[in-house]
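Every chain is numbered from 1, with letters handed out A, B, ... down the list of sequences. All figures in this text were calculated on a predicted structure; none of them were measured in a lab.
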2 protein chains.
Amino acid sequence: MAEKVTIATVARHARVSRQTVSNVINAPHIVRPETRQRVQEAIVTLGYRANQAARQMRTGRSRLIAVRIEPTRDGINGSVLDRFLHGLTETAESAGYRVMLYTATDDDREISAYGDLLSAYDLDGFVITGTDHGDPRTAWLAEREIPFVTFGRPWDHPQAHSWVDVDGAAGTREATAHLLAAGHLRIGFIGWPAGSGVGDDRRAGWHRALLGAGVDPDGLDAETEDGIAEGARTAREMLGRPAPPTALVCASDSLALGALQALRAAGTTMPVIGFDDTPVAAAVGLSSISQPLGDAAARCVDLLTDLLDGPHRDPRQVLLRPALVLRHLA
Amino acid sequence: MAEKVTIATVARHARVSRQTVSNVINAPHIVRPETRQRVQEAIVTLGYRANQAARQMRTGRSRLIAVRIEPTRDGINGSVLDRFLHGLTETAESAGYRVMLYTATDDDREISAYGDLLSAYDLDGFVITGTDHGDPRTAWLAEREIPFVTFGRPWDHPQAHSWVDVDGAAGTREATAHLLAAGHLRIGFIGWPAGSGVGDDRRAGWHRALLGAGVDPDGLDAETEDGIAEGARTAREMLGRPAPPTALVCASDSLALGALQALRAAGTTMPVIGFDDTPVAAAVGLSSISQPLGDAAARCVDLLTDLLDGPHRDPRQVLLRPALVLRHLA
DNA sequence: GGGCAGGATTGGATCGTTCAAGTTGCTGGA
DNA sequence: TCCAGCAACTTGAACGATCCAATCCTGCCC
């Protein structure tokens, strides 16, 4: 292994002091151009790279962003966060940050992980996913003035902090509008039990679209936990109603896929539109509402670096529009 | 924010020196029990956590493991590495290591990322995925004696370094044996073009199983790039052969899914078995060969910590058996 | 009571970087 | 000629941990 190249090595090689090298790196404008170039050549020649640990000890900044990685669950919905993570890593890298992962099984444990990450690794900031009403994690971070951005709105206080989210209601509204335009009136919705921010939002889009078209949503709504089996069960239940729907919008691809299987088993076909545009939807030809995850990740990094690099900026919010992806099943 | 708790704070609080606190943490056995306890109480009371950056600067070790995260591709096969990553993060955490992500679009760029990660963050080790014949990455790392473990065999030199892999041949052999036991003889295989370690291995299992049962594999094999469309096209082609197969084993779930769709479109049904047991397979009821990814990740961490903590150990290898997951389609 | 061995504890140096406070050399105005 | 003012660069100290070498106890033996 080649021996260590430190700032002192570069300094000797360029016949300047350590500090001048440091200035070339961190404040190039205060160094005379010819000196600057000599130092930069030395840096390239020697292959010098700043040691983050040493820099971090002095500045207290680590250029590290922490992101939680969820325990493998469903596999269908999990892929959404995975795709988000991919985008996040890429964008963070080009902004000069790296991503560190952590796990936590619940909010309390996640909060205690924050303390660990902050004091041991001096993390610069967090990207928090899957926020819900009265999230204790964001409260903890905000209280300590630790920079963070959420992917998901703070449902209670819209302006509380910086966040990026996808307008789920706009997605379900567009899906519903598409089905209305295709001549359907009794468009059903299979969503999650009321109370979750994301779930209520997605239901609201469908609800408003129907009302806007003069259709009474009553009797066209169903609530269930997420899952393929749950989707199938709920679809069967809806088929047995007095006036069953002639098309379906679902709050997730799992639900949509279950519904699709139940319909096929019952010998019925009707358009079904899922949510999240997971690989599963693409594979089976299910239409779905696609979240711009790469974009969302990039904006998260933007907002976070804003908080980190800039002086105390006001929190900013970004709401992205999802896109309806039509496939042969609808 | 509470003010910083350093080793000196703890030392003052416990009325001992910094070194004694350090000893309590790093070499508890050389400290008198009562002193040790007093220090430990101070650590808990003050909520002290060792600053990694400072420790790292002195010891040169960061307790950080780097893992590459692939650009989002297919979405089906990508999920395999994602699940692996989840397991890796969890196991690493309980072994006292954290996972740092990096991206790279090709091997050369990946190698230059190594240099960056090593000199800037003092990474302790790497987990490399998707090795192939004559992998330049492992050569680069080995040359510099940087600890690493691969998930995937070094196909050229089986004992070259520590690795964990899943016995793909055993998987396809089991799948083929299952179909043979169900009475099938002309069992086809859709795999990738010869030349890739993983692909050839999976084909070999099917091949050996057929030979073992006295079936001539000739005319039952097909090669194609990975993908749903490719799988469909290849299955159609095989149906047109003089003696088409009556069952299929595929090198991936993408291929299997494509084959399944082509067969359904052609009005035929036959058992199809995929590989990797992705969420898509589970969702559509496709039988598939499941890799024990959580287990593989855990073993990777084991081997890597062995290399890091122990004195120069010999490389170790772990070959795990996959499991055939039968679903209603086969 | 003094000397000694052995382990527990202490203080100082160090890792590589940046911050703060110098020093040098040049320009220009009185 | 003198010195203020500035730009360009240098030097010493600090971040928080660990390593090393020196010192302090303690108990034990003669």
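- Atoms CD (B:Q19) and P (C:dT14) sit 16 Å apart, rounded to a whole Å.
- Residue A:T6 places no side-chain N or O under 4.0 Å from the OP1 or OP2 atom of C:dG16.
- With 3.5 Å as the limit, one finds no donor-acceptor pair spanning the side chains of B:E90 and A:T103.
- Here C:dG16 presents its P atom at 11 Å from CZ of A:R12, a figure rounded to the nearest Å.
- For DNA chain D, the outermost nucleotides in 5' to 3' order that have an atom under 4.0 Å from a heavy atom of chain B are D:dG16 to D:dC20.
- Separating the CD1 atom of A:I25 from the C1' atom of C:dC19 is a distance of 15 Å, rounded to the nearest angstrom.
- For C:dT18, the OP1/OP2 oxygens have a side-chain nitrogen or oxygen of A:R55 closer than 4.0 Å.
- OP1 and OP2 of C:dG16 both lie 4.0 Å or more from every side-chain N or O belonging to B:Y121.
- Distance, A:K4 NZ to C:dC15 C1': 7 Å, rounded to whole Å.
- One interatomic measurement links the two molecules: CD of A:Q56 to P of C:dC15, which rounds to 19 Å at whole-angstrom precision.
- No side-chain heavy atom of A:D167 sits less than 4.5 Å from a side-chain heavy atom of A:L320.
- Considering OG of A:S119 and NZ of B:K4, their distance stands at 11.5 Å, rounded to 0.5 Å.
- Distances shorter than 4.0 Å separate some side-chain N or O of A:N26 from OP1 or OP2 on C:dT18.
- Distance CZ (A:R58) to P (C:dC15): 17 Å, rounded to an integer number of Å.
- Using a 4.0 Å heavy-atom cutoff across all strands shown, A:A53 reaches no nucleic acid atom at all.
- Using a cut-off of 4.0 Å between Lys/Arg side-chain N and Asp/Glu carboxylate O, A:D116 and B:R49 are scored as salt-bridged.
- Counting atom types as modelled, B:R18 pairs no side-chain N or O with a base atom of C:dT10 as donor and acceptor under 3.5 Å.
- The interatomic distance linking A:N51 (CG) with C:dC15 (P) rounds to 12 Å, in whole Å.
- Inter-residue side-chain proximity for A:R18 and A:N23 is flagged as unmet; no heavy-atom pair is nearer than 4.5 Å.
- B:I30 has its CD1 atom 11 Å from the P atom of C:dG7, to the nearest Å.
- Residue A:T20 is classed as a base contact, given a heavy-atom separation below 4.0 Å to a base.
- Using bins of under 30°, 30° to 60° and over 60° for the plane-to-plane angle, the ring pair A:Y102/A:Y114 lands in the perpendicular bin.
- Mapped onto DNA chain C by nearest heavy atom, B:M57 and B:V31 fall at different nucleotides, with B:V31 at the one closer to the 5' end.
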Would you check, one step at a time, whether the test side chain to side chain contact (heavy atoms under 4.5 Å, CB included) holds for B:V318 with B:F151? CA-CA 10 Å; B:V318 174; B:F151 177 41; over 6 Å; no

